[in-house]
Colleague: 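Structure below; questions to follow.
Basis for what follows: all heavy atoms, side chains included, without hydrogens, waters or symmetry-related copies. Given the structure is predicted, the values throughout are model-derived calculations rather than measurements.
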Amino acid sequence: MFPQRLDSPLAYDIARAMRDGFDRHYRLFRAESARAKHRFETADWHGQQRAQRERIEFYDLRVGEAVARLEKEFKAGDQPMDVWHQVKLHFIGLLVDHHQPELAETFFNSVTTKILHRAYFQNDFIFVRPAISTEYIEPRGAPTYRAYYPTPESLPGMIQSMLLDYRLQGRYANLERDAGRVATAILGRFHQVKLRANFQLQVLSGLFYRNKGAYVVGKIINGFTELPFALPILHDADNRFYIDAVLFGEEDLQMLFSFARAYFMVDMEVPSAYVQFLRSLMPRKPRAEIYNALGLAKQGKTLFYRDFLSHLNYSSDKFRSAPGIKGMVMLVFDLPSFPYVFKVIRDYFPLQKDTTREQIKSKYMLVKQHDRVGRMADTLEYSNVGFPLDRFEPELIEEIKRFAPSQLEIGDRDGNGEMEVVLKHCYIERRMIPLNIYLQEAFDLLDQPEHAHRASKQLEHAVVEYGNAIKDMVAANIFPGDMLFKNFGVTRGGKVVFYDYDEIEYLTDCNFRKVPAPRHEEDEMSGEVWYAVGPKDVFPETFGPFLLGNPAVREAFMSHHADLLDAAFWQSHKERIQAGQMLDVFPYDEAQRFKHVGHEPYF
């Protein structure tokens with residue numbers, strides 16, 4: 001039971017130390033995010049990517065510091081439970097006027113669960129549900145968003161003022177031109193629509209920085225209509241700013257904030273207010289994914305797990321082995337009613353998979369820290385995850401027992417009479433249609449005259465997207481390794497995304513070669529490789545037999561992506577990256593871009 005009186009000075013000191021630990025974390029996180037503005041202004045693209053990678057590690061470092069302080073100063077792990085009850089209540093009190101209370105509660109959970117025994121991970125000791133509301137928190141500094149109230153005539157000038165309000169240090173190549181283009185695009189969206197008294201533009205006060213771009217994010221309000229929009233700001237060859245496009249609507253914003261892209265850097269005093277605003281633009285996007293996109297991955301994990309537990313309460317289907325070809329490295333299962341898959345590393349692998357558990361985990365971390373260019377799915381990594389045993393198909397339990405017994409515990413972990421399946425380590429990813437299944441669906445319809453045209457378009461689209469996905473990864477210095485269709489998925493929006501990372505490599509670590517000419521007729525007739533192959537050697541011309549057995553797939557692939565079978569293509573990009581060049585991979589279509597003299601072509 002909770003104490004009726006807060007009579008432990010030690011409890012208050014522990015709570016305050018935890019609050020101070022969180023405040024230090026968010027101060028450093030916010031400072032690094034704010035420095036993205038200077039890196040953008042000075043075109044420090046490699047510094048921007050490095051900061052994006054390094055910021056991911058901030059959270060665990062600060063949690064470790066807080067745990068060490070609590071143990072050293074207060075011997076926190078030895079304190080009785082009535083003290084810990086009071087710690088939580090004091091901590092709640094310390095958050096009453098806090099500007100990031102939801103993040104602080106999650107930080108409290110992270111620190112507490114490293115100090116207390118698993119049996120105490122209950123609502124009495126940690127925040128299973130939020131205790132402090134995030135509604136109507138007003139920032140002390142810049143407002144969360146700014147509102148502009150133009151007329152059709154004043155719209156171009158007001159857009160200029162809006163852009164200048166971000167106070168970027170530098171100059172635009174032609175601000176009047178860009179503002180006019182944006183105004184024309186906006187008015188075109190409201191063509192023959194009466195502009196109401198409340199016609200306005202609302203934009204978030206912080207620019208969203210990622211790689212070589214900065215993005216204005218907001219919405220246009222007219223009457224009862226709200227239209228999300230975003231403006232990408234880029235550098236031209238003379239390092240002057242220009243607006244590259246206008247993105248309109250929820251679908252474009254979903255692409256910009258995709259789970260397959262690197263996290264944004266944005267300076268937020270009240271992150272929950274940013275999330276609330278962004279949710280109004282993308283109501284179908286879970287809050288967990290929005291927090292992830294803003295670089296607040298631990299809060300994203302917290303919200304995801306709360307959503308997951310709520311889903312379990314209101315569903316009755318069972319976890320099963322995921323449909324599709326079984327992987328040699330991962331066991332994959334899902335809950336049909338829940339749009340995610342769960343992946344567990346096997347305890348042992350076939351001989352052709354020369355790898356270890358630690359190597360696989362390092363590959364997933366590489367992707368987490370890398371620019372995912374819209375082509376590599378983000379993953380949530382969990383340890384000691386509990387699931388209700390009665391929600392598992394018996395066949396799935398047997399499969400885990402057989403192939404990953406070290407990762408499985410079954411028992412009444414919480415002592416509440418409910419049996420649980422506990423997985424020591426797992427990854428969770430957004431569910432997609434495996435590309436091989438998507439292609440098979442098209443194959444099955446090709447022989448039906450009434451569906452043949454649609455199936456042919458589906459097949460061509462999938463193959464073109466598959467090649468584009470590989471080329472986008474190449475632009476980001478990633479060689480996928482295993483390029484079989486089963487390792488790619490098709491998203492709701494029709495994008496092809498890679499999701500199997502156990503053989504992923506940096507492009508610059510690979511040696512791309514042509515297959516040597518046979519020395520004599522015996523070599524040509526031999527079924528064996530007659531030439532030396534190094535551990536990082538890749539022979540792109542050999543991809544064809546594994547990928548292009550179907551004639552329709554081969555025709556589409558060779559029409560659009562024959563260069564992927566040429567070692568010179570891969571080698572040229574390796575040399576470009578080694579020379580320090582960064583290609584643009586835009587989170588929107590080439591057709592949406594304004595035409596600019598001398599801009600780099602879309603890759």
Colleague: Salt bridge or not between R24 and E65? Use side-chain N to carboxylate O under 4.0 Å.
Modeller: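 Judged by the 4.0 Å cut-off on N to carboxylate O distance, R24 and E65 do form a salt bridge.
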Colleague: Do the ring centers of F308 and Y340 come within less than 6.0 Å of each other?
Modeller: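 F308 vs Y340: aromatic centres not under 6.0 Å.
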Colleague: Please assess F304 against F338 for the test ring-ring contact (aromatic ring centres under 6.0 Å, His included), listing each intermediate value before the final yes or no.
Modeller: CA-CA 12 Å; F304 174 87; F338 194 60; 5.7 Å; yes
Colleague: Say whether, by atom type as modelled, one donor and one acceptor occur between the side chain of Y136 and the main chain of S133 under 3.5 angstrom.
Modeller: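 Absent.
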Colleague: Between K219 and E226, does any NZ, NE, NH1 or NH2 come within less than 4.0 Å of an OD or OE carboxylate oxygen?
Modeller: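 A salt bridge links E226 with K219.
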Colleague: So for atom OH, which belongs to Y166, do other residues, nucleotides or ligands contribute more than 12 heavy atoms lying within a distance under 6.0 Å?
Modeller: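 Correct, the count exceeds 12.
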Colleague: Is there a donor-acceptor contact under 3.5 Å linking the side chains of Q49 and N211?
Modeller: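 On atom types as modelled, these side chains qualify, holding a pair under 3.5 Å.
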Colleague: Measuring centre to centre across the rings, with the benzene-like ring taken for any Trp, is F208 within less than 6.0 Å of F257?
Modeller: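 Ring-ring flag for F208/F257: true, centres closer than 6.0 Å.
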Colleague: With a 3.5 Å distance limit and no angle check, can you tell me whether S310 reaches the backbone of D307 through a side-chain donor-acceptor pair?
Modeller: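 No, S310 side chain to D307 backbone: no donor-acceptor pair under 3.5 Å.
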Colleague: Give a yes or no on whether the ring-centroid distance for Y427 and Y382 is below 6.0 angstrom.
Modeller: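 No - the distance between ring centres of Y427 and Y382 does not fall below the 6.0 Å cut-off.
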Colleague: Search all heavy atoms of Y499 against all heavy atoms of A377 and return the closest pair with its distance.
Modeller: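 The pair with the smallest heavy-atom distance is CB-CB, 4.3 Å.
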Colleague: For residues E54 and Q369, is any side-chain donor paired with an opposing acceptor at under 3.5 Å?
Modeller: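 Distance-only check fails for E54 and Q369.
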Colleague: To the closest 0.5 Å, what do you measure between OG (S280) and CG (L278)?
Modeller: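 It is 7.5 Å, given to the nearest 0.5 Å.
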Colleague: Whether R372 engages the ring of Y263 as a cation-pi pair (distance to the six-membered ring centre under 6.0 angstrom, angle to the ring normal within 45°) should be assessed.
Modeller: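 Yes, R372 and Y263 form such a contact.
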Colleague: Ion pair present between D317 and R391, side-chain N to carboxylate O less than 4.0 angstrom?
Modeller: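 Salt bridge between D317 and R391, a charged N being under 4.0 Å from a carboxylate O: yes.
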Colleague: If we only count heavy atoms from C-beta on, is the I397 to I410 side-chain gap below 4.5 Å?
Modeller: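 Of all side-chain heavy-atom pairs linking I410 with I397, at least one is under 4.5 Å.
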Colleague: Minimum heavy-atom separation for S258 and K285, please, with both atom names.
Modeller: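 Distance-wise, the nearest heavy atoms are CA-NZ, 4.4 Å.
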Colleague: Is the shortest distance from a Lys or Arg side-chain nitrogen in R167 or E41 to a carboxylate oxygen in the other one below 4.0 Å?
Modeller: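 Judged by the 4.0 Å cut-off on N to carboxylate O distance, R167 and E41 do not form a salt bridge.
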Colleague: Taking T113 for its side chain and S110 for its backbone only, find out whether a donor-acceptor pair lies under 3.5 Å.
Modeller: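 Side chain of T113 to backbone of S110, a donor-acceptor pair under 3.5 Å: yes, one is there.
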Colleague: Go through the side-chain N and O atoms of E395 and S321 and say whether any donor and acceptor fall under 3.5 Å apart.
Modeller: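 The answer is no; no qualifying pair exists.
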Colleague: Between T379 and I428 (side chain of the first, backbone of the second, donor and acceptor by atom type, cut-off under 3.5 Å), is there such a pair?
Modeller: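 It does not hold such a pair.
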Colleague: Are any side-chain N or O atoms of H370 and backbone N or O atoms of A476, one a donor and one an acceptor, separated by less than 3.5 Å?
Modeller: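 Yes.
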Colleague: Any non-hydrogen side-chain atom of D378 less than 4.5 Å from a side-chain atom of K368?
Modeller: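 When only atoms from C-beta onward are counted, K368 and D378 do touch, with a gap below 4.5 Å.
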Colleague: Do the side-chain N and O atoms of Q200 and Q202 include a donor-acceptor pair separated by under 3.5 angstrom?
Modeller: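 Side chains of Q200 and Q202: pair found under 3.5 Å.
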Colleague: Taking the six-membered ring where the residue is Trp, are the ring centres of H99 and Y26 under 6.0 Å apart?
Modeller: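 No, ring centres 6.0 Å or more apart.
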Colleague: Is the closest side-chain heavy-atom distance between R196 and N222 below 4.5 Å?
Modeller: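 The answer is yes, as the side chains (C-beta and beyond) meet within the 4.5 Å cut-off.
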Colleague: Check K361 against I345 and note the closest heavy-atom contact, atom names and distance.
Modeller: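 In this case the closest contact between K361 and I345 is CG-CD1, 3.8 Å.
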Colleague: Tell me the closest heavy-atom pair linking P101 and I132, and the distance in Å.
Modeller: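 Reported closest heavy-atom pair: CB-CG2, 3.6 Å.
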Colleague: Answer yes if the ring centres of H25 and Y59 are under 6.0 angstrom apart, and no otherwise.
Modeller: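 For H25 and Y59, the ring centres are under 6.0 Å apart.
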Colleague: Mind running salt bridge (Lys or Arg N to Asp or Glu O under 4.0 Å) on E289 and R284 for me, showing each step along the way?
Modeller: CA-CA 10 Å; E289 287 189 10; R284 294 181 296 167; over 6 Å; no
Colleague: With a 4.5 Å cut-off on side-chain heavy atoms, are V373 and I478 touching?
Modeller: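 No - every pair of side-chain heavy atoms lies 4.5 Å or more apart.
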Colleague: Would R357 pass as a cation-pi partner of F349, given that its NZ or CZ must be under 6.0 Å from the six-membered ring centre and within 45 degrees of the axis?
Modeller: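 Because its charged atom misses either the 6.0 Å distance or the 45° angle limit, R357 does not stack over F349.
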Colleague: Output the distance between atom CE (M255) and atom CZ (F586), rounded to the nearest 0.5 Å.
Modeller: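 Reported value, rounded in 0.5 Å steps: 13.5 Å.
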Colleague: Sub-3.5 Å donor-acceptor pair from the side chain of R27 to the main-chain atoms of F22, do we have one?
Modeller: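 Not confirmed, R27 side chain does not pair with F22 backbone.
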Colleague: Side chains of I14 and L70, heavy atoms from C-beta outward: is any pair under 4.5 Å?
Modeller: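 Of all side-chain heavy-atom pairs linking L70 with I14, at least one is under 4.5 Å.
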Colleague: Would you say the rings of Y149 and F199 are close, in the sense that their centroids are separated by under 6.0 Å?
Modeller: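 No, the ring of F199 stays outside the 6.0 Å limit from the ring of Y149, centre to centre.
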Colleague: May I ask you to decide whether R35 forms a salt bridge with E32, counting only side-chain N to carboxylate O separations under 4.0 Å?
Modeller: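 Judged by the 4.0 Å cut-off on N to carboxylate O distance, R35 and E32 do form a salt bridge.
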Colleague: Would R210 count as a cation-pi partner of F264, with NZ or CZ less than 6.0 Å from the six-membered ring centre and within 45° of the ring normal?
Modeller: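 Pair R210/F264 counts as cation-pi.
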Colleague: For I233 and L168, run side chain to side chain contact (heavy atoms under 4.5 Å, CB included): C-alpha distance rounded to whole Å, both residues' side-chain angles, the deciding distance at 0.1 Å, then the answer.
Modeller: CA-CA 11 Å; I233 306 173; L168 288 173; 4.2 Å; yes
Colleague: Determine, using ring centers only, whether Y305 and F127 are less than 6.0 Å apart.
Modeller: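 F127 vs Y305: aromatic centres not under 6.0 Å.
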Colleague: Minimum heavy-atom separation for L95 to A104, with atom names?
Modeller: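 Scanning both residues completely, I find the closest heavy atoms to be CD2-CB, 3.7 Å.
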Colleague: Show, in sequence, the C-alpha distance, side-chain angles and deciding distance for K298 and D60, and conclude whether the side chain to side chain contact (heavy atoms under 4.5 Å, CB included) test is met.
Modeller: CA-CA 9 Å; K298 190 64 178 182; D60 288 341; 5.9 Å; no
Colleague: Can you see which heavy atom on I115 is nearest to which on A76, and at what distance?
Modeller: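 Smallest heavy-atom distance, with atoms named: CG2-C, 3.9 Å.
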Colleague: Do F319 and F333 have ring centres separated by under 6.0 Å?
Modeller: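 Between F333 and F319, which both carry aromatic rings, the centre distance is below 6.0 Å.
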Colleague: Return yes if some donor-acceptor pair links the side-chain N/O of T491 with the main-chain N/O of K495 below 3.5 Å, else return no.
Modeller: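 Side chain of T491 to backbone of K495, a donor-acceptor pair under 3.5 Å: yes, one is there.
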Colleague: Tell me, with the steps shown, if L256 and Y588 meet side chain to side chain contact (heavy atoms under 4.5 Å, CB included).
Modeller: CA-CA 7 Å; L256 184 61; Y588 43 92; 5.6 Å; no
Colleague: Side chain to side chain contact (heavy atoms under 4.5 Å, CB included) for M330 and I360? Distances and angles first, verdict last.
Modeller: CA-CA 10 Å; M330 292 283 193; I360 293 166; 4.0 Å; yes
Colleague: Name the one of Q100, R62, H98 that satisfies side chain to side chain donor-acceptor pair (under 3.5 Å) with D23?
Modeller: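 When side chain to side chain donor-acceptor pair (under 3.5 Å) is applied between D23 and each of Q100, R62, H98, only H98 qualifies.
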Colleague: Between Y209 and K37, is there a cation-pi geometry (under 6.0 Å to ring centre, at most 45° from the normal)?
Modeller: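 The answer is no; the distance or angle limit is not met.
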Colleague: Distance check, rounded to the nearest 0.5 Å: D165 atom CG versus R146 atom CZ?
Modeller: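 Here the interatomic distance stands at 5.0 Å.
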Colleague: Answer yes or no: is there a side-chain heavy-atom contact under 4.5 Å between Q276 and T134?
Modeller: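 The answer is no; the side chains never approach within 4.5 Å.
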Colleague: Taking NZ, NE, NH1 and NH2 as the nitrogens, is one of them in E381 or K301 under 4.0 Å from a carboxylate oxygen of the other?
Modeller: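 Result for this pair is no, no salt bridge flagged.
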Colleague: Please confirm whether the backbone N or O of G206 pairs with a side-chain atom of D267, one donor and one acceptor, at under 3.5 Å?
Modeller: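 No, the answer is negative, given that no donor and acceptor are paired below the 3.5 Å cut-off.
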Colleague: Please determine, by modelled atom types, if Y348 and R346 share a side-chain donor-acceptor pair under 3.5 angstrom.
Modeller: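 Per modelled atom types, Y348 and R346 side chains form no pair under 3.5 Å.
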Colleague: Is the side chain of Q86 donor-acceptor paired with the backbone N or O of D7 at a distance under 3.5 Å, no angle test?
Modeller: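 Side chain of Q86 to backbone of D7, a donor-acceptor pair under 3.5 Å: yes, one is there.
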Colleague: Indicate, with yes or no, if the rings of F277 and Y274 have centres closer together than 6.0 Å.
Modeller: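 Aromatic pair excluded; centres sit 6.0 Å or further apart.
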Colleague: Would you call H90 and R19 a side-chain contact if the rule is heavy atoms closer than 4.5 Å?
Modeller: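 No, every pair of side-chain atoms sits at 4.5 Å or beyond.
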Colleague: Do E102 and Y291 have a side chain donor and acceptor closer than 3.5 Å?
Modeller: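 Checked: E102/Y291 side chains pair up, N/O donor to acceptor below 3.5 Å.
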Colleague: For residues V266 and S33, determine if any side-chain heavy atom of one lies less than 4.5 Å from a side-chain heavy atom of the other.
Modeller: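 They are not in contact (no side-chain heavy atoms under 4.5 Å apart), so the answer is no.
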Colleague: Q52 side chain to M265 main-chain N or O, any donor-acceptor pair under 3.5 Å?
Modeller: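 Judged by distance alone, no pair lies under 3.5 Å.
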